[in-house]
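Reckoned from all heavy atoms, side chains included, excluding hydrogens, waters and symmetry mates. Lettering of chains follows the sequences in order, A, B, ..., and the numbering in each one begins at 1.
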Protein chains: 2
Amino acid sequence: MQDILFDFISKYVSLTEDEKNAIVSLDIFRSVKKGTTLLKKGQKSNDSYFVLKGCIRTYYVIDEEEKTTAFYTEMEALTPPCVISKTPSEYYISCIEDSILLVSNSDMEEEINSKFPKFEIMCKVLSEELLAKQQIDFDAFKTSSPEQRYLNLLQKRPDLIQRVPQHQLASYLGIKPQSLSRLRARILEKKS
Amino acid sequence: MQDILFDFISKYVSLTEDEKNAIVSLDIFRSVKKGTTLLKKGQKSNDSYFVLKGCIRTYYVIDEEEKTTAFYTEMEALTPPCVISKTPSEYYISCIEDSILLVSNSDMEEEINSKFPKFEIMCKVLSEELLAKQQIDFDAFKTSSPEQRYLNLLQKRPDLIQRVPQHQLASYLGIKPQSLSRLRARILEKKS
DNA sequence: CGTATTTCTTAACTTAAGTGAACGAGTTAT
DNA sequence: ATAACTCGTTCACTTAAGTTAAGAAATACG
């Protein structure tokens, strides 16, 4: 399971056995059951997550309705904005499959960073990459219709459509569950 | 004019006179006339921008139509995704007011970074902050209707509504110019 | 200065998403 | 086993955005 982590890291920097051991000894792997809430609105937190296996989602509650804004699956990392801004969280994070996560807090990161400067470099590269990626995703969302967004998702992350409940997918696409059903029916009709 | 830059930097790290001089001597301030295209689709570039005065926008051309995805005004920085991924740009950048920009390329940044490690730290903090900010903006976009987005913009960046052409604003909100006109009329009606 | 062009608004009509309700299938709890 | 829920779909109706077209207002330019 740790291999997934080191596979990921090796894309950015190469680690010695010592360094790997130092990371493992931090003991930050955590098993989480489906349905667990990792963070609630209003809470403060210093935790960042990296998904080794499973899927977590972030959502807001607006007018008593859940609005899902993101899904994180294998090899994806999430540092909630509230960790950066040191303010109470605006949203919830919950686990939608039994998952294995890496949970790290700011202190640990500082410790690792000071021991292994490589890490600092990796973090910088990573956040720049994520920023660029998010910009592209945001642009794609803005410039397309719900139907195009769905077709795009079907291309880019077909697994999500299988493993995630429809009503969560719908709000991720910016529409209601009924509209997603209809939209899918429309697409099927067009094909035939 | 340089003061704006140093005001901005001072939020993150404090600079000595020597350091300030080193930056000024890079000679990266650039005056740009309204209408100038800074980057075209398909071009490669290493340039990042920081707006000292004026306004620039990024836009895609999809089906022969411009889709504006972002505006950058005073004290805002833009590193296009193509600079990070080292691939040809997917979008255009153009200047919508006579502006004064700071244009830096990767080489310069490396030079500055190696001379003044402070800078590296600032860049890391900056990109983490930007990432968190973008996440929040993206979430707000996904979870609201065009009308709510407009009202939100009116709160957060009222200047934009004054200084930017309506049809660019409309596509920034994810709708057509006609819909923006209608939506504004609707809001006025409600108020009365 | 006047003409051309761009920009913004309005209107009528079409299309797609929101809303409220109902139904069946599958799940959970008791 | 059955009642209570959740989830996805469908339907009829409402509301808002897309589309096409036209005209007014502002801007650019020769």
Notebook entry, point to check: From D:dG18, C:dT9, D:dT10, pick the nucleotide closest to the side chain of B:Ser181?
Noted result: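 Minimum distance to the B:Ser181 side chain belongs to C:dT9.
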
Notebook entry, point to check: Counting side-chain heavy atoms from C-beta on, which of C:dC8, D:dA16, C:dG20 comes nearest to B:Gln166?
Noted result: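 Taking heavy atoms from C-beta onward, the closest nucleotide is C:dC8.
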
In whole Å, what is the span from the [atom1] atom of [X] to the [atom2] atom of [N]?
| X | N | atom1 | atom2 | answer |
| --- | --- | --- | --- | --- |
| B:Leu180 | C:dT7 | CG | C1' | 12 Å |
| B:Gln148 | D:dA16 | CD | P | 12 Å |
| A:Lys176 | D:dA16 | NZ | P | 14 Å |
| A:Leu183 | D:dT10 | CG | P | 13 Å |

Next item on the list: Please check the phosphate of D:dT6 (OP1 and OP2 only) for any side-chain N or O of A:His167 closer than 4.0 Å.
Entry: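 Answer no for this pair, as no side-chain N or O of A:His167 is under 4.0 Å from OP1 or OP2.
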
Checklist line | Distance below 4.0 Å between B:Arg186 side-chain N/O and D:dA17 OP1 or OP2 | finding: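 Yes, because at least one side-chain N or O of B:Arg186 sits under 4.0 Å from OP1 or OP2 of D:dA17.
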
Next item on the list: Assign each of B:Pro146 and B:Lys34 to its nearest nucleotide of DNA chain D by heavy atoms, then name whichever residue's nucleotide is nearer the 5' end.
Entry: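 The answer here is B:Pro146.
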
Checklist line | Charged tip of B:Lys41 within 45° of B:Tyr60 ring normal and under 6.0 Å | finding: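 Verdict for B:Tyr60: no cation-pi partner in B:Lys41.
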
Next item on the list: Name the residue closer to the 5' end of DNA chain C, choosing between A:Ser145 and A:Gln178 according to the nucleotide with the nearest heavy atom.
Entry: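 The 5'-side residue here is A:Ser145.
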
Notebook entry, point to check: Should the pair A:Glu76-A:Arg157 be classified as a salt bridge under the 4.0 Å nitrogen-to-oxygen rule?
Noted result: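 Counted as a salt bridge, because a side-chain N and a carboxylate O are separated by less than 4.0 Å.
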
Check: Any salt bridge between A:Arg57 and A:Glu66, counting N to O under 4.0 Å?
Finding: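 A salt bridge is present here (some side-chain N lies under 4.0 Å from a carboxylate O).
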
Notebook entry, point to check: Has the side chain of B:Arg182 got a donor or acceptor atom sitting under 3.5 Å from an opposite partner on the base of D:dG18?
Noted result: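 Yes.
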
Check: Of the non-hydrogen atoms in B:Arg163 and B:Gly54, which two are nearest, and what is the gap between them?
Finding: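 Between these two residues, the closest heavy atoms are NH2-O, 3.1 Å.
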
